[in-house]
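Values reported hereafter were calculated over all heavy atoms of this structure, with side chains retained and with hydrogens, waters and symmetry mates removed. Here is the naming used below: chain letters follow the sequence lines, and residue numbers restart at 1 for every chain.
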Amino acid sequence: MDNNEKVLEIYRHSTSHIMAHAVKEIYPDVKLAIGPPTSDGFYYDFDCPKTLTEDDIPVIEEKMREIINADRPFVRKELSKSDAIELFRKIGEPYKIELLEEITDKTVSVYGEGNFVDLCRGPHLKSTGEVKAFKLLSVAGAYWRGDEHNKMLQRIYGVAFPDKDELKKYLDFIEEVKRRDHRRLGKELDLFSISDDIGAGLVMWHPRGAVIRRVIENFWTEEHQKSGYQILYTPHIAKLDLWKKTGHMDFYAENMYSPMEIEGLEYEIKPMNCPFHISIYKSRLRSYRELPLRFAELGTVYRYERSGVLHGLLRVRGFTQDDAHIFCRVDQIEEEVLRVLDFTLFVLKTFGFTDYDIYLSTRPEKYVGSLEKWERATNALKDALQNRGLNYSIDPGEGVFYGPKIDIKVKDCLGRPWQCSTIQVDFNIPERLDVTYRGTDSKDYSPIMIHRALMGSLERFFGILIEHYAGVFPLWLSPVQLSILTISERHVEYSRKMTEIFLSEGLRVDLNAENEKIGYKIREATLLKTPYMCIIGDKEMANGTVNVRKRDGGNLGEMSLEQLKTILKEEITKRR
RNA sequence: GCCGAUGUAGCUCAGCUGGCAGAGCAACUGAUUCGUAAUCAGUAGGUCGGGGGUUCAAAUCCCCCCAUCGGCUCCA
């Protein structure tokens, strides 16, 4: 953290204290929990008998302004732990006492201004008057200490900046995020829907969205074939027994749906694809000469997610993973991980993601397999990252039950991180399910399995893409690439001919021959973010040409069909 | 799942302390045949999220569900 960030942190921390003071003045019964700074702002958690709502925000803000205008100094006091406990007992702050009881230091510090005092390590601003620009954003529920077994408190989120301009910039950023929201754009651009009648978290891809998916899938399939993968299709359900054998029933049951009974046997809808790929692997004897064997599938899985966590395309209950399982020998593992890493970065780059955060997740509390194997798998991932000189951070205990993983979070053009790619090494499942290959010595060995997804799920990736591009998809992904707009009825026949020609070239074209003014048609196409428009009037008809306009308003003017075809094809090939 | 808010026409939203359900856009019909981001007029469109209750009377008040939104927890 650089110096500037530290200063901001102090600034926000002090603002959160001022907010706590304000809330305490308005609702004297409130009990204070914690109020730290965050990456953009701050929050404070309250245990308040009165339910706080959005309507309280302006009132609290007003009270904060009073405290700021009073410009009272923040005073630090050090006292013994027992004196501090006594102090917070006197003013009735049970949460502060709970925090104090866990502090091992003999002395602690408290900060105060006016008649307000709070347990705090500090440091703080010199006085309340130093706060120049802040805004409270929302109220929300939050568990005490983030544990869902604890009482739910009320949290107020706010932001604070050194001056009004910075605050305005941040508020503009929030507006930009809203403007790009994939749920809103999904409706406006008619890309997808999630219907109450079908069920929460289940996505319907509309024609325009389905086009984009198809383009992505085709790209994905081609590139996988080039990279030595074999593409599979597998069923959506399997016997419950299978999931018992794999360990999913022990370690993944809370994300799985209830089984269904078919002729006395129980079946289960799949939450993962790996057992099917393993089954194909095991369908015959495998030789060491065949390895590495790379099986890939756009596999649709269903996972139970608690209703409160569903969020547009980014968190759903049914989704298609761009999944693959690589079976290889121990001596091939580093090379395979490297290949996957390179492949992943290439695919992400194609969609305009060049910036990412990489995490290495280690063994979780619930796991299968020996410690030694975990160690070995974890090192394989670490070595690959280091080999490529990629910076990463360690996420302790965040691995999957069968092995450690590398997660790649891409950053979109607003700098927001999104979890997509995951690469998981698995020493455990092949052994558990008796997956083997015949070695040079004619004995059987367990292969290593690498599970990986590049985009993660097509649904989530699509949601991220919509926001990344703000709905303005590059030409190769655009649902409609070219809209042909007639000026009047006598241009329809010629326009229809043009449409046929472009369609036969494999371009996605539509014809707007409605009885509307040209301005209206341009507006419609622009709102749908169609990359290119052809305006067809008397002149074009007479010259056998088209008149081209781009969605950003740029006018390319009159040109021949051939010229336009060349422009479009080149842009499509470049995938920009 | 938990805390809070919201749910009214295809979409965006009005509808106050209970008293005949509204607007703009879209759709449809007609007129207009038009040169780079909205032509004009008319028509139609609603079990007010679902179920129960209070009341002479419920979009409005109460209860229970469902979904969405902001978070928490959890995750591709």
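- Among residues two or more places apart in sequence or in another chain, the side chain to side chain contact (heavy atoms under 4.5 Å, CB included) test is passed with A:Asp250 by A:Arg432.
- Residue A:Thr53 has its side chain nearest to B:G4 when only B:G4, B:G1, B:C11 are considered.
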(message) At under 4.0 Å between heavy atoms, how does the protein contact nucleotides 34-42 of chain B? Give one character per nucleotide, 5' to 3', with B, S or -.
(response) BBBBBB---
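- Toward the 5′ end of RNA chain B lies the nearest nucleotide of A:Glu54, the other residue of the pair A:Glu514 and A:Glu54 mapping further downstream.
- Using atom P as the reference point in both B:G19 and B:A58, the two lie 11 Å apart (nearest Å).
- Applying the salt bridge (Lys or Arg N to Asp or Glu O under 4.0 Å) test to residues at least two apart or on different chains, the pairs with a partner in residues 345-363 of chain A are A:Asp357-A:Lys411.
- Here the separation of B:G51 from B:C66, taken at their C1' atoms, is 10 Å to the nearest Å.
- If you take atom C1' in B:C72 and the same atom in B:C11, they sit 32 Å apart, rounded to whole Å.
- Checked against the 6.0 Å centroid threshold, A:Phe401 and A:Tyr367 do not count as a close aromatic pair.
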(request) Can you check each nucleotide of nucleotides 67-76 of chain B against protein heavy atoms at under 4.0 Å and return B for base, S for sugar-phosphate only, - for none, in 5' to 3' order? (result) SSSBBBBBBB
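- Sorted by first then second residue, the ring pair (Phe, Tyr, Trp, His ring centres under 6.0 Å) pairs that include residues 44-64 of chain A, not counting sequence neighbours, are A:Tyr44-A:Phe46.
- The CG-P distance, from A:Asp197 to B:G50, rounds to 12 Å in whole Å.
- The shortest distance between side-chain heavy atoms of A:Ile406 and A:Thr422 does not fall below 4.5 Å.
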(message) Wobble G-U and Watson-Crick pairs count when both distances are under 3.5 Å; given that, what is the 5' to 3' dot-bracket string of RNA chain B, with | for pairing to other strands?
(response) (((((((..((((.....[..)))).(((((.......))))).....(((((..]....))))))))))))....
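- Between the C1' atom of B:C3 and the CG atom of A:Asn150 lies a distance of 14 Å, rounded to the nearest Å.
- Here the separation of B:G42 from B:U36, taken at their P atoms, is 28 Å to the nearest Å.
- In this structure, the side chain of A:Arg452 engages the main chain of A:Asp322 through a donor-acceptor pair within 3.5 Å.
- As rounded to the nearest Å, B:C65 and B:U29 have P atoms that lie 46 Å from one another.
- When the C1' atom is compared between B:G45 and B:C3, the two are found 39 Å apart, to the nearest whole Å.
- A gap of 10 Å separates the C1' atoms of B:A67 and B:G50, to the nearest Å.
- Within a 6.0 Å sphere centred on CD of A:Gln563, heavy atoms belonging to other residues, nucleotides or ligands number more than 12.
- B:U6 sits 37 Å from B:A41 when the P atoms are compared, rounded to a whole Å.
- Ring centroid separation for the pair A:Phe462 and A:His182 does not come in under the 6.0 Å cut-off.
- Between A:Tyr402 and A:Phe251, the ring centre distance reaches or exceeds 6.0 Å.
- Between A:Tyr252 and A:Trp243, a ring centre-to-centre spacing not shorter than 6.0 Å is recorded.
- The distance between the ring centers of A:His468 and A:Phe351 does not fall below 6.0 angstrom.
- Remark: the backbone N or O of A:Phe473 is paired with a side-chain donor or acceptor of A:Ser478 at under 3.5 angstrom.
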